[in-house]
Amino acid sequence: MLCEFGTKDGRVLAGGQSLVPIMAFRLARPAHLVDINGISELARVSRVDDTLSIGAVVRHAAFHSPTVSGQMGRLLAAVVRHIAHYPIRTRGTFCGSIAHADPASEWCLVAATLSAQMVAASKRGQRVIEADDFFEGIMTTALAEDELLTEVRLPVISDQTRFGFHEFNRRAGDFGIAMALVTYRVADGVIAEPRVGIGGAEAHPRRIPEAENALKGRPLEPKTFQAAAEAAAKAVDPMEDIQADAEYRRDLVHAVTRRALEQSAP
Amino acid sequence: MSAATKGSGMTWVGRSIRRLEDPALVAGQGRFTADLPAAHWVRFVRSTIASGNIKRIGVPPNSNVITAADLASAKSIKPMLHKFNYVPVAQPILAADVVRFVGEVVAAAVAPSQEEAEDLADQVEIEIEPLTAVTDARRALLAGAPIIHPEAPANVIVEGRIKTPDFDATWASAHIRIKFEARSRRQNATPLEARAGHAAYDTATGRVTLTCTTQMPHLTRTAIADVLGMPESDLRVIAPDVGGGFGQKMSLPPEYVILVWLARRLRSSVAWTEDRRENLMAGFHSRDQVIALEGAFDKDAKLTALSADIVANIGAYSCFPTTCGVEPLMAMAELPGPYQVQAYECVSRGVLTHTCPMAPYRGVSRPVITFALERLMDKAAAKFGIDPVEIRRRNLIDRFPYKSATGLTFDEGSYRQTLEMAIEHIDLPAFRARQKQARAEGCHLGIGFSTFSERTGYGSPAFAARGMEITPGWENVEITMDPSGLVEARIGSSPHGQGLRTTLAQIIADEIGVEPRQIRVVHGDTDRAPYGWGTFASRSLVIAGGASLIAARKLRSKLIKIAGHMLEASAADIVLEGGMAKVSGTDRSVPIATMARQAYYQTHRFQGDIDPGLTEIGAYDPAGTFSNACHVAIVRVDIDTGHVAIEKFLAAEDAGRIINPMIADGQVHGGIAQGIGNALLEEIVYSDTGDILTSTLADYLPPTAREIPPIELHHMETYSDASITKAKGVGEGGAIGAPAAVINAINDALAPFNVSIDEIPATPRKIRAALRLAMEKRA
Amino acid sequence: MTDKVDITLNINGRNHAISVEPRRTLVDAIRENCGQTGTHIGCEHGVCGACTIIVNGDPVRSCLMFATQADGVPIRTVEGLAKGDTLHPLQRAFMEHHGLQCGFCTPGFLMLATAVLEREPDITDDELLDVLASNLCRCTGYQNIIKAVRAAAAEMRA
């Protein structure tokens with residue numbers, strides 16, 4: 001049962017873990033909040049063939065234990081531990097994080113790296129937006145003002161796919177200052193189909209082709225990982241803030257990329 | 001750790017009995033200022049510009065918004081210091097013509113609910129013509145810098161100078177000299193409970209009760225009454241349960257004055273709860289200092305002379321009552337630390353800038369000077385090629401009383417012994433072996449030490465030496481035993497987590513033979529408690545404890561006299577214990593409760609030998625005493641990211657007689673955690689134009705449980721006559737020594753890289769930048 | 001000011017019928033409308049955890065929810081931890097091990113620990129440390145909070 005989504009003049013309220021602080025600071029003053037927490041159809045995680053469908057009201061906590069068997073479930077469970085803290089994860093939602101598009105959002109990194117599809121619905125109908133087109137800038141997405149992100153579709157990685165995730169932050173649970181997610185298969189002793197995503201370092205997370213090229217067809221060894229890390233550090237155009245200037249962020253991108261790769265091949 | 005059995009005659013001092021404060025707090029029944037309902041709520045309108053002329057304040061019609069014009073009859077906050085070239089400057093209750101820091105209060109919006117007050121505040125328009133702001137203290141000292149207060153045209157508000165007679169000769173004869181600059185960045189004490197105030201007008205009496213988050217209720221009362229020109233007896237100040245203070249709540253904020261004024265004007269109740277952003281922006285800052293330090297050493301690595309230039313960024317106004325002189329002047333007075341150095345020269349200045357005013361924060365300047373001095377010792381150790389432990393051994397004071405180069409008298413302490421005790425529990429050779437092995441594997445471990453003194457429990461003589469117009473220090477304690485035999489002790493100190501209701505009860509219980517739970521310590525309410533100075537500077541257990549002991553001894557004498565009458569025995573034979581008065585060697589006894597009843601109802605029996613009632617007052621005003629400790633930190637530095645993890649932290653401390661070990665340890669734990677935050681995480685950052693860039697807890701980073709390692713504590717107890725209870729203060733030591741130990745450990749870890757980290761906090765970014773620079777130089 | 005709505009907050013088993021603006025946060029409603037001031041506010045932006053309560057079995061930051069979202073949903077706060085005069089093992093452990101000094105962060109820690117230990121009684125020490133790192137304390141340096149929660153966890157498991 002589709003509800004009427006009239007979100008003009010208003011914002012969607014799901015987990016509220018990002019929106020409510022912004023409202024407390026009075027940086028956002030929506031005239032209306034549309035609370036979607038009660039819509040049970042949106043609270044489901046389900047696997048359809050090779051796609052994991054995550055509804056708008058699925059909480060971060062849903063991923064603490066694997067939502068799907070194999071490497072995919074493990075990848076999501078490995079990432080979710082880094083999202084804020086336990087009490088935030090009981091309320092905050094996967095899709096809310098995607099729609100909010102904070103540069104340091106772990107799920108945005110996952111979506112960008114795995115080439116997720118975002119499903120947006122409005123009175124005008126439904127459309128599917130590819131990850132590459134979805135993230136536009138700092139907290140800016142391709143969603144129109146009257147669209148609700150109802151679902152994110154993640155391609156399920158095969159059980160032969162290796163992954164590694166590494167995030168750098170100042171304290172436990174803080175926003176990541178740089179993070180890396182890598183996935184690849186090993187075929188004939190070398191890396192195949194590498195994906196290297198960097199988050200927290202630029203306006204929005206994205207795959208880094210230079211780093212992926214440094215991995216493709218190469219053997220699994222420190223030299224390869226180092227090359228990919230260097231390529232990633234060089235390729236990014238880092239944000240500057242009080243946590244990090246551009247030079248330091250590059251250092252961090254280097255470190256998190258290398259560590260994510262080392263993690264994938266213990 | 002549980003309570004003793006009744007009547008066992010066990011002493012209470014020295015035992016970790018559970019706190020009397022706790023049952024209410026764990027049940028959520030604490031009474032904090034923000035818990036009080038009010039008819040009106042205030043939202044302060046604060047300047048968003050660091051320096052400027054107020055052109056216009058636009059207030060919505062028919063609304064309740066107060067500006068400086070409304071408070072024209074109020075004085076300003078103008079603390080005084082009569083020495084050190086102090087320039088008195090006035091802080092208006094509400095900014096009238098100029099604003100001097102982002103967050104300065106310009107108006108107060110009043111409404112029936114907090115949300116509505118915020119709505120109203122949003123509608124107030126403040127037009128400010130911006131002027132150039134200066135936020136860095138050294139820039140403020142340059143010719144042509146913007147002037148914060150015309151009375152201080154060079155932006156120097158206080159200046160201390162000292163030079164010992166032998167300095168020049170000793171300096172000239174140095175074997176080596178080591179010079180560097182230590183930088184401490186701005187801190188915010190960040191108590192979990194931000195500030196709050198609730199002022200209620202009583203229509204029957206015309207009095208106002210101000211309930212607020214203060215560490216000094218009586219001073220707050222006197223000060224506000226002065227500023228508003230109201231009779232002090234018309235004001236009652238109550239510090240209820242206060243959620244941490246650490247010094248931030250011992251300075252008077254204009255917000256409390258406005259609340260009292262509003263309550264009188266509205267003849268009603270009006271409340272304010274500060275939100276975290278306000279607190280980070282305007283809730284008093286601390287420790288923004290640069291110390292240019294140079295030490296002269298003889299050929300045996302003994303520190304023979306010390307030269308320092310200290311610049312403290314004290315913000316836009318001077319905090320009441322200590323004045324902003326407290327940081328630079330304490331730094332000057334105590335920089336020589338626990339070492340045997342007698343030749344000393346120092347210039348120490350408090351500099352005005354367009355930033356939030358500074359106020360004391362746990363340790364005040366001592367975390368900074370300890371950090372600077374301990375870096376010097378480590379640099380010297382490296383230069384001489386000796387162990388950092390050995391250089392401290394050679395330099396620590398060990399004969400008492402010891403008079404410092406600045407005239408401070410150090411009473412009996414255990415500086416060397418706590419160093420040795422710390423070493424005993426760290427297998428240093430094993431660590432060095434592990435460190436070497438780890439380095440070969442690309443893992444960088446380091447160990448750092450700090451040895452330091454903690455000046456505590458000092459009374460009015462010490463404050464008088466500073467030239468403060470208000471010289472706090474003494475404490476009176478009134479003890480009354482009621483006709484049922486239960487005891488009330490009314491104190492002028494104002495604890496906010498230190499467990500004083502328990503520790504003072506332990507001291508008193510031992511004297512008069514009842515149990516701590518039969519003793520209620522009353523504090524915080526100026527209508528009930530005798531005039532006192534509050535809780536800060538690690539003073540309460542020493543001074544209020546001392547006064548409690550003195551009062552308890554008087555009460556004890558009286559009870560023994562009464563017992564003598566009732567049991568027909570001489571005072572010398574009477575023992576008070578387990579709730580009874582007993583004649584030694586006999587089975588004659590009488591319950592203390594019975595004696596109490598007699599003291600009120602049967603006074604004729606004592607034939608004028610004993611005054612009716614059971615109230616005694618104890619007064620105590622000591623010169624002060626020094627605790628000491630040695631801190632050791634073991635860290636792991638990630639050279640790729642600059643991240644520092646603390647593997648282990650150990651402290652060997654001596655705070656004299658420990659009244660309640662569990663409570664004392666808690667103080668040390670908490671201080672060390674704040675010290676770790678100071679060393680690695682916490683920094684208030686301003687933009688060049690004076691905007692605060694760290695105004696949320698996502699930017700200002702107090703440590704979580706993950707950042708604090710298990711802390712191992714070891715104890716010694718050195719008794720000195722400087723404290724009548726033999727207890728020394730223990731509240732600040734953790735915060736004083738920890739940053740130095742952590743930074744020294746980082747430098748030890750990075751020794752192969754030829755970097756020197758001399759700034760706190762040593763953030764990952766700064767460490768990484770230093771490493772990159774060093775590696776580039778090498779290349 | 002917006003029009004108020006009528007809701008019922010079920011706190012520790014008791015219903016409170018209140019009237020609040022939709023923008024009123026749950027923590028403000030619990031404290032001011034329902035008079036349960038044991039839950040404290042430390043930052044209002046979801047970082048410090050002082051406002052942690054249990055909503056439907058989950059530990060939740062009540063400054064990040066609106067009161068209207070909790071209409072009719074079972075809420076537990078620190079005032080409901082004890083059963084009459086019998087304290088909860090966590091409350092006893094905090095007192096036994098000096099896990100509190102000023103007491104301001106304590107209700108948040110108690111409710112966080114209660115929720116997590118009820119959900120995962122066999123939680124590992126390391127995971128417990130992760131959970132306790134959710135909330136800030138400025139007084140204790142965490143040593144005794146960790147000690148207290150571990151002790152209570154052991155007792156609750158038995």
J.: For B:Pro703, is it the side chain, the backbone, both or neither that has a heavy atom under 4.5 Å from a heavy atom of chain C?
T.: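 Interface part for B:Pro703: both.
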J.: In terms of heavy-atom pairs under 4.5 Å with chain C, which of B:Ala698, B:Gly734, B:Ala189 leads?
T.: B:Ala189
J.: Evaluate C:Arg92 against B:Asp22 for salt bridge (Lys or Arg N to Asp or Glu O under 4.0 Å), listing each step before the verdict.
T.: CA-CA 10 Å; C:Arg92 275 190 281 108; B:Asp22 288 355; over 6 Å; no
J.: Salt bridge check, C:Arg138 against B:Glu682: does any charged N sit closer than 4.0 Å to a carboxylate O?
T.: yes
J.: With a 4.5 Å cut-off on side-chain heavy atoms, are C:Gln101 and B:His496 touching?
T.: no
J.: Are the charged groups of B:Arg276 and C:Glu44 less than 4.0 angstrom apart, N to O?
T.: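 Answer for the salt bridge query: no.
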J.: If you count heavy-atom pairs under 4.5 Å with chain C, which of B:Ala24, B:Pro23, B:Ala27, B:Gly499 comes out on top?
T.: B:Ala27
J.: Thinking salt bridges, do B:Glu115 and C:Arg23 make one under a 4.0 Å N-O criterion?
T.: no
J.: What are the residues of residues 46-66 of chain C, in order of number, with any heavy atom under 4.5 angstrom from a heavy atom of chain B?
T.: C:Val47, C:Cys48, C:Ala50
J.: Take B:Glu193 and C:His40, measure what side chain to side chain contact (heavy atoms under 4.5 Å, CB included) needs, and give me the verdict at the end.
T.: CA-CA 8 Å; B:Glu193 179 201 36; C:His40 299 144; over 6 Å; no
J.: At a heavy-atom separation under 4.5 Å, does B:Pro191 approach chain C through its side chain, its backbone, both, or neither?
T.: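 The backbone, not the side chain.
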J.: Please round to the nearest 0.5 Å and tell me the distance separating atom CD1 of B:Ile17 and atom NE2 of C:His98.
T.: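 One gets 12.0 Å once the value is rounded to the nearest 0.5 Å.
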J.: For the atom pair CZ (B:Arg19) and CZ (C:Phe94), what is the distance rounded to the nearest 0.5 Å?
T.: 12.0 Å
J.: Just do the side chain to side chain contact (heavy atoms under 4.5 Å, CB included) check on B:Leu25 and C:Leu100 with the steps written out, would you?
T.: CA-CA 8 Å; B:Leu25 293 171; C:Leu100 66 150; 3.5 Å; yes
J.: Chain B: which of C:Cys139, C:Ser134, C:Cys105, C:Gly35 shares the most heavy-atom pairs with it under 4.5 Å?
T.: C:Cys139
J.: Can you tell me if C:Gln143 uses its side chain to pair, donor with acceptor, with the backbone of B:Ile711 under 3.5 Å?
T.: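 Pair found, side chain donor or acceptor close to backbone of B:Ile711.
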J.: Under 4.5 Å heavy-atom distance to chain B, tell me which part of C:Glu32 shows up: side chain, backbone, both or neither.
T.: side chain
J.: For B:Arg706, is it the side chain, the backbone, both or neither that has a heavy atom under 4.5 Å from a heavy atom of chain C?
T.: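 Both backbone and side chain of B:Arg706 come within 4.5 Å of chain C.
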J.: Does C:His45 reach the main-chain N or O of B:Thr696 with its side chain, forming a donor-acceptor pair under 3.5 Å?
T.: no
J.: Please classify the contact of C:Leu110 with chain B as side chain, backbone, both or neither, using a heavy-atom distance under 4.5 Å.
T.: side chain
J.: Any side-chain heavy-atom pair from B:Thr273 and C:Ile41 closer than 4.5 angstrom?
T.: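 They are not in contact (no side-chain heavy atoms under 4.5 Å apart), so the answer is no.
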J.: Taking every heavy-atom pair that is under 4.5 Å apart, which of B:Pro710, B:Ala111, B:Pro495, B:Gly245 has the most such pairs with chain C?
T.: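 The residue among B:Pro710, B:Ala111, B:Pro495, B:Gly245 with the greatest pair count is B:Pro710.
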J.: Please identify, among C:Leu87, C:Asp130, C:Asn135, the residue contributing the most non-hydrogen atom pairs under 4.5 Å to chain B.
T.: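 Most heavy-atom pairs under 4.5 Å with chain B: C:Asp130.
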J.: Taking side chain as everything from C-beta outward and backbone as N, CA, C, O, which of these in B:Asp35 sits under 4.5 Å from a heavy atom of chain C? Side chain, backbone, both or neither.
T.: both
J.: Could you tell me which of B:Asp275, B:Asp241, B:Thr190 has the largest number of non-hydrogen atom pairs under 4.5 Å with chain C?
T.: B:Thr190
J.: Counting heavy-atom pairs closer than 4.5 Å to chain B, which one of C:Cys102, C:Gly42, C:Gly80 comes out on top?
T.: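 Maximum pair count with chain B is reached by C:Cys102.
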J.: With respect to chain B, which residue among C:Asn144, C:Thr77, C:Ile146, C:Leu132 yields the maximal number of heavy-atom pairs within a distance under 4.5 Å?
T.: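 Max contact count across the listed options: C:Asn144.
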J.: Going by atom type alone, with no hydrogens or angles, which donor-acceptor pairs under 3.5 Å involve a side-chain atom of residues 669-679 of chain B and a protein atom two or more places apart or on another chain?
T.:
{"unit_1": "B:Gln674", "atom_1": "OE1", "unit_2": "B:Arg362", "atom_2": "NH1", "d": "2.7"}
{"unit_1": "B:Asn678", "atom_1": "OD1", "unit_2": "B:Arg287", "atom_2": "NH1", "d": "2.8"}
{"unit_1": "B:Asn678", "atom_1": "ND2", "unit_2": "B:Gln187", "atom_2": "OE1", "d": "3.2"}

J.: Between B:Leu280 and chain C, with a heavy-atom cut-off of 4.5 Å, which part of the residue counts as in contact: side chain, backbone, both or neither?
T.: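 Contact with chain C is absent: no heavy atom of B:Leu280 under 4.5 Å.
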